[in-house]
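What you see is a predicted model; the values in this text were computed from it and never measured. A, B, ... follow the sequence lines: proteins, then strands. Residue 1 opens every chain.
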Amino acid sequence: MFQRILIANRGEIAVRVIRACRELGIESVAVYSDADAQSLHVALADRAVRIGPPAAAESYLSIPALVDAARQTGAEAVHPGYGFLSENDAFARACEDAGIVFIGPPANVIASMGSKVAARKLAEGAGAPVVPGETSIDQSDAAIAAAAERVGLPVLIKPSEGGGGIGMKAVHDAAGLPAAIAQARREAIAAFGDGTLYVERLVQRPRHVEIQVMADGAGHLVHLFERECSLQRRHQKIIEESPSTAVTPALRARMGDAAVAIARAAGYRNAGTVEFLVEGAGDGASFYFLEMNTRLQVEHPVTEQTTGVDLVRAQIAVAAGGPLPWTQAQLAQRGHAIEARVYAEDPMRGDLPQAGPLLLYREPLMPGVRVDGGAVEGGEISIHYDPLVAKVIASGETREAARQRLLAALRDFPILGIRTNVPFLVGVLEHPRFVSGDIHTGMVDADRDSLLAALPHEASPEALAVAGALSGGPPTPPSAATARLTRVTMDPWVTLADWRG
Amino acid sequence: MAELTVTPLGGGRYRVSDRASHVVAYAVQSGRERWVFIEGMVYVVAGTDSRGGIVHATDDDVALSAPMPATVAAINVTPGQEVETGDLLIMLEAMKMELPIRAPRAGRVTAIGCAKGELVQPGVTLLELE
């Protein structure tokens with residue numbers, strides 16, 4: 001087993017991996033940009049190394065800075081988290097070349113799965129169904145527009161590299177193609193440094209269902225069932241759950257087998273996720289291979305909560321050369337789990353990302369609720385990175401029990417100082433379609449107006465009463481809220497940051 | 001409506017009760033704004049304005065300013081240029097996303113208050129339209 005692991009990430013996922021390291025008795029090394037010097041992941045790790053200025057390109061995306069940090073601290077392995085360099089084959093190769101274990105699949109597997117074209121070929125070869133689409137060899141705007149016409153409108157235009165919905169544009173008529181192609185290309189270059197675009201037929205009212213897989217170095221492969229990720233806004237997942245209400249045991253078995261076959265054909269190792277689009281529901285539903293994510297997913301906790309395994313510990317064990325901790329026969333789903341992603345964004349203003357101070361931030365504590373967070377009260381959500389603040393995961397014996405618990409948790413998760421999507425998430429969880437389980441990937445955007453209309457547009461009498469009490473307080477001594485903020489500002493991390501080096 | 005009693009519980013927590021029931025609220029003051037959280041909903045009470053939610057801006061002052069701290073990725077117009085409603089004037093970038101600033105009405109650009117690559121703050125005027 002490793003003695004020391006460097007975590008090449010920030011925020012909640014860095015915190016998640018640091019905690020797994022601590023449980024395993026492995027020293028953790030955090031990395032941070034100047035914007036994150038006082039972040040929770042830096043405070044929790046055994047060591048922390050500054051890797052550069054706030055801009056991600058010069059810090060969390062800098063392969064030389066990260067490899068240097070691993071060398072300097074004697075880390076034997078690097079956990080990339082998700083996002084940033086987690087699906088960058090050059091980073092995996094740079095780690096391998098430096099004699100550092102990359103906790104993930106081999107570099108060549110990342111490369112083949114990172115290209116939507118190569119991944120599709122691989123899936124087709126493994127016998128999995130795929131959605132019609134193509135990447136034009138000629139990447140001119142005109143050639144891509146022609147490809148869209150051949151595939152048949154409506155289409156999705158998306159970066160060949162990357163994921164997370166960034167740069168992805170739905171186009172319903174030919175007139176919208178030029179603008180969508182130009183914008184997708186700019187966003188692809190800005191986010192992934194590669195403007196290659198891929199065109200795919202837009203499957204109507206699909207569900208997004210993915211299968212978690214795990215493989216060890218000896219060729220053992222298992223799947224850990226499905227996650228339903230259909231609830232998205234602008235192609236960004238906001239609520240995920242397991243099991244899926246659309247997946248029957250027979251469909252689950254077929255999708256699981258397909259995912260394992262794809263992973264086997266790719267020579268896969270470590271944790272990965274095979275994403276499918278599902279049309280229809282029940283035994284007769286169709287599914288199409290979408291892509292394979294060669295990393296830990298944001299929504300991995302819903303799998304952990306329903307299967308009782310720890311995916312991060314398993315990733316580390318397998319990367320250290322150990323066998324898979326479980327056989328397929330030992331794995332089972334139990335109960336139901338739902339995750340809500342809390343984003344610093346304003347639903348009332350087109351989900352505009354919000355940056356600013358967390359004047360008050362209290363994670364909910366209650367039975368059956370897990371919060372994977374990376375922020376603290378008195379901290380700040382910076383403009384430089386992804387606006388994910390925390391994930392709230394609720395489990396219960398039934399879907400309805402999990403839903404009620406998640407609602408209770410969000411109603412007890414005050415975040416003040418910046419706008420978040422918590423009020424919007426409450427509305428989605430209460431929406432009759434979500435309650436019934438009859439969901440699809442376009443549901444949130446289609447019902448957006450009614451979901452927004454349900455949010456409060458005026459302060460309630462209770463809110464006004466509290467606001468009145470707040471401003472009516474005596475100016476000195478400071479109010480309780482101010483006193484608490486002062487205390488957090490004086491937190492010892494601030495003074496220890498330099499000392500940690 | 002029954003009268004509401006607000007009792008501070010410490011640490012930014014408040015109990016709001018009428019005769020029949022109560023709820024727990026969380027609140028902080030930030031400059032002139034008071035932020036209140038009750039049962040999953042957030043209310044921002046600004047000054048003497050009792051409105052919750054975000055006030056939707058319609059005038060140029062707000063339409064032509066950065067909605068959040070952002071980097072100026074591109075400036076597509078020059079002073080003196082005539083623009084039509086909806087024309088892309090400035091492209092901002094923040095949190096891996098593009099934030100286009102478009103002309104709220106037709107007019108002539110009289111001044112540009114930012115430079116490419118500059119980090120701009122919300123509320124600062126980026127461009128003036130005549």
Side-chain angles (χ1 to χ4, degrees), chain A residues 56 164 166 183 186-187 190-191 344-346 348-349 352-357 359-360 362 377 382-387 407 410-417 419-420 422-423 425-427 455-471 473 479-485, chain B residues 1-18 22-30 32-47 49-57 67-71 73-74 91 93-100 119 122:
Chain A
I166 294 160
Q183 197 181 358
R186 279 198 307 274
E187 291 184 12
E345 64 185 22
D346 187 352
M348 303 281 268
R349 287 202 293 174
L352 189 68
Q354 304 287 295
L359 299 177
L360 189 146
R362 312 274 165 85
E377 187 165 293
S382 128
I383 68 156
H384 301 287
Y385 313 110
D386 189 90
L407 271 171
L410 291 173
R411 288 192 176 115
D412 197 21
F413 192 177
I415 302 173
L416 298 177
R419 292 272 177 183
T420 74
V422 165
L425 290 169
V426 167
L455 294 179
H457 287 71
E458 294 195 336
S460 66
E462 289 82 4
L464 285 176
V466 176
L470 203 60
S471 61
S479 71
T482 318
R484 179 163 176 109
L485 283 173
Chain B
M1 172 166 302
E3 195 174 319
L4 295 168
T5 312
V6 179
T7 315
L9 301 173
R13 291 172 76 224
Y14 296 82
R15 180 188 161 99
V16 188
S17 28
D18 61 16
H22 79 272
V23 291
V24 172
Y26 296 79
V28 290
Q29 180 126 21
S30 171
R32 288 178 59 233
E33 287 178 343
R34 285 155 286 164
W35 290 68
V36 183
F37 176 94
I38 303 177
E39 299 274 309
M41 296 297 141
V42 174
Y43 308 89
V44 180
V45 183
D49 182 359
S50 65
R51 232 178 329 180
I54 291 283
V55 181
H56 285 261
M68 62 177 299
T71 307
M91 185 63 86
E93 221 174 77
M95 287 169 159
K96 303 190 293 190
M97 279 176 42
E98 290 187 332
L99 304 168
L119 181 67

Which distance, rounded to the nearest 0.5 Å, do you find between the [atom1] of [X] and the [atom2] of [Y]?
X      : Y     : atom1 : atom2 : value
A/Q183 : B/M91 : CD    : CE    : 6.0 Å
A/L464 : B/L4  : CG    : CG    : 9.5 Å
A/L416 : B/R34 : CG    : CZ    : 13.5 Å
A/E462 : B/H22 : CD    : NE2   : 12.0 Å

Would you mind checking which part of [X] comes under 4.5 Å of any heavy atom in chain B, side chain (CB onward), backbone (N, CA, C, O), both or neither?
X      : answer
A/S460 : both
A/L407 : neither
A/V422 : both
A/L410 : backbone

Could you pull out the closest heavy-atom pair between [X] and [Y], with the gap in Å?
X     : Y      : result
B/E93 : A/A190 : OE2-CB, 4.3 Å
B/V6  : A/A469 : CG1-CB, 3.7 Å
B/A27 : A/L360 : O-CD1, 4.3 Å
B/Y43 : A/P456 : CE2-CB, 3.6 Å

So do [Y] and [X] actually touch side chain to side chain, heavy atoms under 4.5 Å?
X      : Y      : result
A/V426 : B/M41  : yes
B/Y26  : A/L359 : no
B/V36  : A/L470 : no

*Which one of A/A355, A/P353, A/A463 has the most heavy-atom pairs closer than 4.5 Å to chain B?*
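Of the options given, most contacts go to A/P353.
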_Which of A/A56, A/P414, A/P423 touches chain B most, by non-hydrogen pairs under 4.5 Å_ =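 The option with the most such pairs is A/P414.
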*Side chain from CB out, backbone as N, CA, C, O: work out which of these in B/L119 comes under 4.5 Å of a heavy atom of chain A, or both, or neither.*
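For B/L119, the contact with chain A is made by the side chain alone.
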